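Below: one structure, written as structure tokens.
This is a predicted model, so every value here is computed, not measured.
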Amino acid sequence: MLDIRMLRSDPQGVAANLARRGFTLDLAQFTTLEARRKEAQVAVDALRNERNTRSKAIGQAKAKGQDVAPLLAKVETLGSRLEQGEQGLASLQSELDRLLLDLPNLVHESVPPGRDASANVEVRRHGELRRLDFEARDHVAIAEGLGGLDAASASRLSGTRFAVLTGPVAALHRALAQFMLDLHVREHGYREAWVPYLVTRRTLTGTGQLPKFEQDLFKLARDAADGELFLIPTAEVPLTNLAGDRIFEAAELPLRLVAHTPCFRSEAGSYGKDTRGLIRQHQFDKVELVHIVRPQDSYAALEDLTSHAARVLERLELPYRVVALCGGDIGFASAKTYDLEVWLPGQAAYREISSCSNCEAFQARRMLARWRNPETGKPEPVHTLNGSGVAVGRALVAVLENGQQADGSVVVPGVLRPYLGGVDRLKPA
RNA sequence: GGAGAGGUGGCCGAGUGGUCGAAGGCGCUGGACUGGAAUUCCAGUAAUACCCACAAGGUAUUCGUGGGUUCGAAUCCCACCCUCUCCGCCA
């Protein structure tokens, strides 16, 4: 959520910034609505003030044993006038809230211009691409060769965009998640968290998935509307919301959290995209990193966070590049995002494996995540960041494709071997 | 799932219709005292929104949430949520 004060004081500036991400802000609608809201609120406050003072007078008169009938006559119509005003105010307020909740975050000044992914800017590359003396196979062929991917069973059980992993491939998947968690906890100073995979509408509103992107989520109906729960699309949701409705002392920050969770996405609107293999699934595992920081620290934290995610790929000996997303490609809640793209020999392309974002105060305002600024003594929104560290399914794809050998076997990166009982190579079944 | 108890400010805890945003205590902050500290004493100590210059000042809202009764609700009524205890079930 944007700071409504900024919207009031500099609407043109806000509109210009949002235009950089291709979003058109209807200024006229906002100003009209806001003016009507202000008028209604002032009127309602005045009516309530009148009610309070008159009621107090009645109480005092009663205490003195005076006749209160004339006083009561004066408040006769007050109740209905107040009720009418309150209803009007409430409907204006909810209209305004909805408008505000649907506005994306402002983008940082350093975000490159552009309308779509083609305008993203490569920041750096890391790692040598292996030169293969045989034709590269994709992860589906490799995993099936290892006897570890059962697409037929998955579609029989659950339909499209699901996978069943077995044997050494399932173990490799588990090893990857374990390795990532350990790296972030032991070397990068994160606190491990285990969190709910089902969350409420309110929680998803806090991080920005709702109200706008409900079609991307899996919802569990249950009986009543207030009992509804959603499967998390990323651990960013529960992790970041841990800071919601809290006021941190300065000394408590920064907070660095890591969790390994499954993620569930409906992938509505991605029909025909990445239909083969594990790249785009309704269910996938991810190790997620979240920072809760003081505002003045958030851009340094974004660099740290990105380097922590990159470290995973470096230790796995996977070539990757870092890309700064342009205004048109950046996410709803983010002010600035770096994507990490890993090299996939099977596709001869770099593919996204991590996305690291600084959401500044956007999520914090939605969920009321604050800290007490010692300089002002007041509670102020914190800044929140999140990044994949990294997507486990896609890391599995990358390890299989980059480690593949001519004979169909796969070399296991050294850092994963301790998690696999010392096995250094997966061999075809 | 059944029975019972309970949800008040950062924490504990009083408060059953009027001057209650709410006693008292703890904690915290500032001051006095001290060479320094402890003790003691004094004072202060919520959030949000609005008016306004995001100042001062003022107004409104907030005692789990939502609704109702009333001129007036922390206090009365209804529904829901959550927590705790016991029983059942279960990983």
Side-chain angles (χ1 to χ4, degrees), chain A residues 1-11 13-14 30-101 194 196-203 205-206 220 222-230 241-253 295 361 364-382:
Chain A
M1 195 156 62
L2 300 182
D3 185 350
I4 192 163
R5 274 177 229 136
M6 184 184 288
L7 251 174
R8 288 187 194 123
S9 61
D10 184 21
V14 170
F30 169 74
T31 17
T32 320
L33 205 52
E34 170 62 10
R36 288 172 61 203
R37 192 217 98 248
K38 188 174 287 189
E39 189 186 1
Q41 177 156 352
V42 170
V44 165
D45 277 3
L47 280 174
R48 286 205 267 234
N49 183 22
E50 185 182 347
R51 182 200 61 194
N52 290 348
T53 40
R54 290 200 187 281
S55 291
K56 199 170 278 188
I58 291 171
Q60 285 167 347
K62 239 182 179 170
K64 291 181 195 155
Q66 297 167 345
D67 178 21
V68 296
L71 291 175
L72 283 175
K74 284 189 175 170
V75 295
E76 217 179 347
T77 64
L78 206 55
S80 63
R81 278 191 289 152
L82 184 57
E83 194 180 343
Q84 206 174 358
E86 278 175 337
Q87 277 172 9
L89 178 60
S91 82
L92 282 170
Q93 191 68 60
S94 69
E95 214 177 320
L96 199 57
D97 284 349
R98 178 61 201 239
L99 188 136
L100 233 48
L101 285 173
W194 183 83
Y197 306 152
L198 293 170
V199 296
T200 62
R201 182 173 286 277
R202 179 176 145 78
T203 303
T205 305
L220 281 71
R222 296 213 293 182
D223 10 342
D226 57 347
E228 70 187 354
L229 288 171
F230 296 80
N241 272 283
L242 288 176
D245 290 316
R246 289 197 53 182
I247 301 175
F248 293 96
E249 295 305 325
E252 294 179 85
L253 301 177
R365 275 190 291 266
R366 287 174 166 247
M367 66 177 70
L368 278 181
R370 294 170 293 175
W371 72 301
R372 196 170 294 279
N373 184 347
E375 287 179 22
T376 63
K378 301 275 186 198
E380 296 172 11
V382 296

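- For the pair R365(A) and E380(A), the salt-bridge criterion is not met [side-chain N within less than 4.0 Å of a carboxylate O].
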E34(A) and L96(A): side chain to side chain contact (heavy atoms under 4.5 Å, CB included), yes or no, with the steps?
CA-CA 7 Å; E34(A) 170 62 10; L96(A) 199 57; 3.2 Å; yes

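- Rounded to whole Å, the C1' atom of G64(B) lies 11 Å from the corresponding atom of G6(B).
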Convert the base pairs of RNA chain B into dot-bracket notation, remembering that pairs crossing earlier ones are written with [ ] and that bases paired across to another strand are shown as |; include only Watson-Crick or G-U pairs under 3.5 Å.
((((((((.[[[..)..(.....]]]((((((.......))))))((((((.....)))))).[[[[[..)....]]]]])))))))....

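- The distance from atom CD1 of I58(A) to atom P of G72(B) is 8 Å, rounded to the nearest whole Å.
- Going from the P atom of A47(B) to that of G72(B) covers 30 Å, rounded to whole Å.
- Scanning all heavy atoms of the two residues, the minimum distance from F230(A) to T200(A) falls at CD1-C, 4.3 Å.
- Summarising the geometry, the separation between CZ on R365(A) and P on A47(B) is reported as 18 Å, rounded to the nearest angstrom.
- Comparing U65(B) with C81(B), their P atoms sit 15 Å apart, to the nearest whole Å.
- The nearest heavy atom of RNA chain B to R54(A) and to E83(A) marks one nucleotide each, and the one closer to the 5' end goes with E83(A).
- When rounded to the nearest whole Å, the span between CD of Q87(A) and P of G67(B) equals 11 Å.
- Surrounding CD of E86(A) are more than 12 heavy atoms belonging to other residues, nucleotides or ligands, all under 6.0 Å away.
- Only the P atoms considered, C80(B) is 27 Å distant from G17(B), to the nearest whole Å.
- Across all non-hydrogen atoms, the minimal contact from R51(A) to L82(A) is NH1-CD2, 3.5 Å.
- Protein atom CG of L72(A) is 10 Å distant from nucleotide atom C1' of U70(B), rounded to whole Å.
- One C1' atom belongs to C33(B), the other to G10(B), and the distance between them is 29 Å to the nearest Å.
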Please test S94(A) against S91(A) for side-chain hydrogen bond (donor to acceptor under 3.5 Å, both in side chains), starting from the C-alpha separation and ending with a verdict.
CA-CA 5 Å; S94(A) 69; S91(A) 82; 5.9 Å; no

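- A donor-acceptor distance shorter than 3.5 angstrom exists from the side chain of R366(A) to the backbone of L101(A), with no hydrogens or angles considered.
- Side chain of N241(A) to backbone of G244(A): no donor-acceptor contact under 3.5 angstrom is found.
- Across the C1' atoms, G15(B) and A22(B) are found 8 Å apart, a figure rounded to whole Å.
- Remark: the separation of the C1' atoms in U61(B) and G9(B) is 15 Å, to the nearest Å.
- Among the nucleotides A47(B), U19(B), G18(B), the one closest to the side chain of R372(A) is A47(B).
- In this entry the distance linking CZ of R246(A) with P of A47(B) reads 16 Å, nearest Å.
- The existence of a salt bridge linking R202(A) and D245(A) is confirmed by a sub-4.0 Å separation between a basic side-chain nitrogen and an acidic carboxylate oxygen.
- You won't find any donor-acceptor pair under 3.5 Å spanning the side chain of K56(A) and the base of G18(B), going by distance alone.
- Residues E95(A) and R98(A) are not paired through a salt bridge, judged by the lack of any N-O separation under 4.0 Å between the basic side chain and the carboxylate.
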Nucleotide by nucleotide, 5' to 3', does protein get under 4.0 Å of the base (B), only the sugar-phosphate (S), or neither (-) in nucleotides 48-63 of chain B, counting heavy atoms?
SSSS-------BSS--

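- Between the P atom of G9(B) and the CD1 atom of I247(A) lies a distance of 13 Å, rounded to the nearest Å.
- For E249(A) and C28(B), the CD to P distance is 12 Å, given to the nearest whole Å.
- Regarding D245(A), its CG atom lies at a distance of 13 Å from the C1' atom of G64(B), rounded to whole Å.
- Using atom C1' as the reference point in both G66(B) and G7(B), the two lie 16 Å apart (nearest Å).
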